[in-house]
Amino acid sequence: MRILIGSYSISDTCMRTHVDFLVIGSGIAGLTYALKVAEHGKVCIVTKKKIDDTATSYAMGGIAAVMYTPDSYEKHIQDTITAGDGLCNEEVVRLTITESTDRIKELITWGAKFDKTQSGRYHLSKEGGHSEHRVLHHKDSTGKEIEDTLIDQIRKHQNIEILENHYAIDILTEHHLGVEVNIRTADVTCFGAYVLNPKTRLVDTILAKSTLVATGGAGNIYSNTTNPTIATGDGIAMVYRARGVIENMEFVQFHPTALYNPKERPSFLITEAIRGFGGILKTFDGKEFMHKYDERLSLAFRDIVARAIDNELKISGEDYVYLDCRHLDRNELIRQFPRIYAKCLSLGIDISRDMIPVVPAAHYICGGIKTNEFGQSTVRNLYSSGECASTGMHGANRLASNSLLESVVFSHRASEHAISRVGSIDFCNAIPDWDAEGMVLTEEMILITQSQKELQAIMSSYVGIVRSNLRLQRAIDRLVLLYEEAEDLYNKSILTPRICELRNMINVAYLVIKQAIAQKENRGLHYSLDYSTTRN
Ligand code: SIN
């Protein structure tokens, strides 16, 4: 028997629902896309925690955009390409940056507030690798301002249903119809997703004409990360299992300045904008060191600064370096960075009088689900945007504050493309319900937490800022055992988000290591002791 409740039908097993547009993830990429496609059909947003529990909410520095002369699109384009160390797709960089102004205006129209100077112009910060001040921000809480603004808009929209605490397990493809997919041609279509329902603990089937994967990054494959705990690479792993193309995963960006506070997870970010404001990196014994590595000093590209800090820590044997802001205007420092000031003060550090202890931490994955200029993945009817996507914008190293920008541009492009196609797509009703036959609830959380810690240790020790062929081989050898154990657990257990996350993190770690092994030169964020470097 099936009972209809809203768009759902409940059977004695699990629910099936039909939507025009399925959005997996509720950060800036998912929400801006949802607002646009909702004008053309029914939308369901699936998000694994609360709607605002996203990496977007954590973004401090801001959103890079060309606002006034002497800045120009061309300068921003060249900075992005130089940061990407020769691996950006120039066409994608050009279209993203030239379309930025319209997308920023849209955020402002939706209600996002960016700081202004007394003259009424937008206050623009500067971050590493930018030749001009061009980062729009809301104090040091830009992401939260944008996320809250978008959620307000989303909640007002009649066509949008939000499923919080729902966990997308896998995207639905021909594979679920029992059709063998040829690995080489990988001709695959997305029909929606299987989603774990927290109330029933059953797996529901959401059939969709068009699906956007916007699940963010995977920083939690490392021991130290600025990413929230939700960043477990779910979307990348799902699309990989569905045979979609995943690329550039070796380019993992470590943010040079996370607050050194070993017990805290995620690591608290000390925004690069504070170096743009004049903060200077110093060793444990208070000496400047960036002049040894790059003429742009503390504002060199992130890969260069992170490697420099890593090297200084290896030389000194200490656990952290310092960021010194003591020489800066106290009032202005506190006015522009109130969140950092309050956080450090809560730990007994007054940033206007004390140096801030900092270390690099995993921050952003430049690669991910390969998409074209319309955000289309290699899987039919499946789009991707945000950190989980690889659009070609970032190449081998992302320029600071380019990611929120990339998200709004590509979600816009993907929305237009999906809207133009949705009318010609039918639901795939032949997709069966999830089969939970023979699965038992695993009581042993220790199996999951311990495997996760082992994974993070492997990635941090062997696949971090500095790599080598030997370290990468050791990483893959160790990962194989974790993979086999996790698959075994997954196949036998009644599903929980923790089991699924572990499986996804192992899949993503595998992709990072494999693609790092395949990268035979030092480029941007991939640095191996076995190759020489030519970075400019
Ligand atoms: C920061 O504020 O330093 C982070 C900005 C970014 O990663 O784009």
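Just so you know, ligand 1 is whichever comes first in the structure, and atom 1 is the first atom listed for that ligand.
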Nearest heavy-atom contact between T226 and A258 is CG2-CB, 4.2 Å
Enumerate the atoms of ligand 1 whose separation from the nearest heavy atom of [X] is less than 4.0 angstrom.
| X | answer |
| --- | --- |
| S401 | 5 (C), 6 (C), 8 (O) |
| R398 | 6 (C), 7 (O), 8 (O) |
| E272 | 1 (C), 2 (O), 3 (O) |
| H363 | 4 (C), 6 (C), 7 (O) |

Got an N/O contact under 3.5 Å between [X] and ligand 1?
| X | result |
| --- | --- |
| G61 | yes |
| Q253 | no |
| N402 | no |

So is A400 close enough to ligand 1, meaning a heavy atom under 4.0 angstrom away? yes
Give me the residue, atom name and distance of the protein heavy atom closest to atom 4 (C) of ligand 1. R302 NH2, 3.4 Å
What residue and heavy atom of the protein are closest to atom 1 (C) of ligand 1, and at what distance? T271 OG1, 3.4 Å
Just checking, any donor-acceptor pair under 3.5 angstrom between side chains of [X] and [Y]?
| X | Y | result |
| --- | --- | --- |
| T271 | D140 | no |
| H394 | Y364 | yes |
| S390 | E247 | yes |

Run the ring-ring contact (aromatic ring centres under 6.0 Å, His included) test on F254 and H363 for me, step by step, so that the C-alpha distance in whole Å, both residues' side-chain angles and the decisive distance to 0.1 Å come before the verdict. CA-CA 5 Å; F254 284 76; H363 183 61; 9.8 Å; no
Ring-ring centroid check H137 F114, cutoff 6.0 Å: no
Q376 pairs by side chain to side chain contact (heavy atoms under 4.5 Å, CB included) with which of T378, N372, V379? N372
